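A note on names: the letters A, B, ... follow the listed sequences, proteins ahead of strands, and every chain is numbered from 1. Only this structure's heavy atoms are used, side chains among them; waters, hydrogens and symmetry mates stay out. Not measured: the values here are computed from a predicted model.
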2 protein chains.
Amino acid sequence: MKTETKWIILGILTTGCQTGYEIKNLMDASFQHFWKMSYGQIYPALKVLVEEGYATQSVVRTEGAPEKKQYTITLTGRRMLHRWLETPIHDTSVVKNELLVKLFFGTEMTRHQAVAHLEEQAELLQAKLDVYEQIEANICNNDESEFWMYTLNYGKEIAQAELLWCQKTKGEIKCKSE
Amino acid sequence: MKTETKWIILGILTTGCQTGYEIKNLMDASFQHFWKMSYGQIYPALKVLVEEGYATQSVVRTEGAPEKKQYTITLTGRRMLHRWLETPIHDTSVVKNELLVKLFFGTEMTRHQAVAHLEEQAELLQAKLDVYEQIEANICNNDESEFWMYTLNYGKEIAQAELLWCQKTKGEIKCKSE
DNA sequence: GGGCACATGTAAATCGTTACATGATTTC
DNA sequence: GAAATCATGTAACGATTTACATGTGCCC
């Protein structure tokens with residue numbers, strides 16, 4: 001079990017999410033632009049956290065609802081989380097950018113093709129930006145959302161920069177073909 | 001074998017690199033900011049490419065140098081590469097940003113800690129930018145480097161945007177603590 | 001002789017995704 | 001009664017990293 005996965009799940013337990021399902025929802029809603037996880041990672045990680053004493057599990061049976069397993073972070077768990085949060089960030093960045101890879105091999109395609117890729121990417125980025133704007137419009141800017149806002153800002157600003165680069169590069173590629 | 005890995009190796013074969021070792025070197029020198037690969041992927045991929053008829057292998061024995069295996073892309077290989085280059089880019093982005101994750105859990109650390117992370121990151125970004133500048137200064141701007149330059153520009157502009165965000169966020173975090 | 005650059009490769013372990021299995025309740 | 005949402009989980013597969021094994025030739 002990669003340690004980061006475990007600590008991130010543990011961290012999410014401090015945000016009000018208590019079940020695997022809720023964790024996955026939070027991931028998809030607020031986290032997906034900087035980290036992704038599947039059920040195949042979440043449920044086993046929760047199990048491990050309980051085994052190690054960093055979280056406790058309780059089964060909740062509500063009438064008129066499916067049974068669910070609530071997880072709560074323990075004191076030891078919180079201490080370990082803080083320890084992880086304090087440690088310096090090592091470059092985990094597993095970057096895979098297919099657009100840049102294909103563009104790198106630009107001499108093997110037509111300029112028209114390269115431009116088409118950039119245009120498609122620009123559209124996707126614009127859509128991403130629109131989503132971010134919508135999210136921002138829908139949250140009340142309270143104390144609890146402070147740190148989330150920083151990560152959202154990151155997403156917005158990087159997408160913006162990517163969009164600008166797309167436009168600029170498109171222009172340069174067209175320019176050179178004349 | 002993930003198809004992308006194979007096509008990327010095949011693409012690199014068109015850039016003048018002919019051995020696994022050279023491919024790895026190119027990767028580390030020009031590619032590392034948007035895709036990474038280890039020998040454990042490169043050598044098996046080369047083997048597969050030969051098996052599928054997309055590349056040929058020849059063993060070269062030079063006096064006073066270790067034996068090496070040169071790979072050359074075949075006509076079929078080039079045709080398949082072009083086909084891959086033409087296909088639309090699907091979002092492969094496997095983003096893992098530990099800084100954003102830790103910042104997301106900002107309420108679980110001191111503001112001082114959060115700022116420290118941002119400062120450390122800013123330094124790393126500045127170092128990255130310096131490396132990019134140096135690379136740019138050392139290459140002659142000929143036709144062959146055109147597409148590589150675009151990917152380098154991407155790296156520079158995104159790093160720049162990240163740096164700005166670091167600075168801005170640092171300010172906001174400090175501001176709120178007073 | 002030590003260290004470095006060149007050069008190739010694999011096995012094991014780890015990590016992560018996908019697809020599947022299951023089943024309750026609610027809404028249309 | 002169909003579809004959507006809530007809810008949990010795993011097995012198989014695929015991808016990737018890490019560590020190891022091996023050897024040459026050159027320079028100090």
Can you name the residues that form a salt bridge (charged side-chain N to carboxylate O under 4.0 Å, His left out) with A:Glu67, not counting sequence neighbours? A:Arg61
Could you work out, with salt bridge (charged side-chain N to carboxylate O under 4.0 Å, His left out) as the rule, every residue matching A:Glu108, not counting sequence neighbours? B:Arg78
Find the distance B:Ile23:CD1 to C:dG9:C1' and express it as a whole number of Å. 14 Å
What nitrogen or oxygen pairs link the protein and nucleotides 3-7 of chain D at under 3.5 Å?
from: D:dC6; atom 1: OP2; to: A:Tyr21; atom 2: OH; distance (Å): 2.9

How long is the line joining CD of A:Gln18 and P of D:dT8, in whole Å? 11 Å
Length of the line joining B:Arg61:CZ and D:dG23:P, which is rounded to integer Å: 16 Å
Starting from C1' on C:dT18, measure out to CE on A:Met37 and report it in whole angstrom. 17 Å
Taking OP1 and OP2 of D:dT17, is either one under 4.0 Å from a side-chain nitrogen or oxygen of B:Gln41? yes
Sequence neighbours excluded, which residues qualify as salt bridge (charged side-chain N to carboxylate O under 4.0 Å, His left out) partners of A:Glu52? A:Lys6
Using whole Å, report how far CD of A:Gln32 lies from C1' of C:dT17. 17 Å
Separation of atom CD1 in A:Ile42 from atom C1' in D:dT10, rounded to whole Å: 14 Å
D:dA15 C1' sits how many Å from B:Trp35 CH2, rounded? 12 Å
Contacts table for residues 114-129 of chain A: side-chain donor-acceptor under 3.5 angstrom, sequence neighbours left out:
from: A:His117; atom 1: NE2; to: B:Leu85; atom 2: O; distance (Å): 2.7
from: A:Gln126; atom 1: NE2; to: A:Asp130; atom 2: OD1; distance (Å): 3.3

Which one, D:dT16, C:dG9, C:dT10, comes nearest to the side chain of A:Lys96? D:dT16
Between B:Lys102 and A:Glu4 (salt bridge meaning N to carboxylate O under 4.0 Å), is one present in this structure? no
Is a donor from one side chain sitting under 3.5 angstrom from an acceptor on the other, for B:Tyr71 and B:Gln18? no
Starting at atom NZ of A:Lys36, determine the distance to atom P of D:dA15, rounded to an integer number of angstrom. 17 Å
Short side-chain N/O contact from B:Ser38 to OP1 or OP2 of D:dT17, under 4.0 Å: yes
Just call it for A:Lys24: base, sugar-phosphate, or nothing, with non-hydrogen atoms closer than 4.0 Å on any strand. nothing
Given D:dT10, C:dT17, D:dT16, identify the nucleotide with an atom nearest to the side chain of A:Lys47. D:dT10
If the condition is side chain to side chain contact (heavy atoms under 4.5 Å, CB included), which residues does B:Thr74 pass it with, not counting sequence neighbours? B:Thr56, B:Thr76
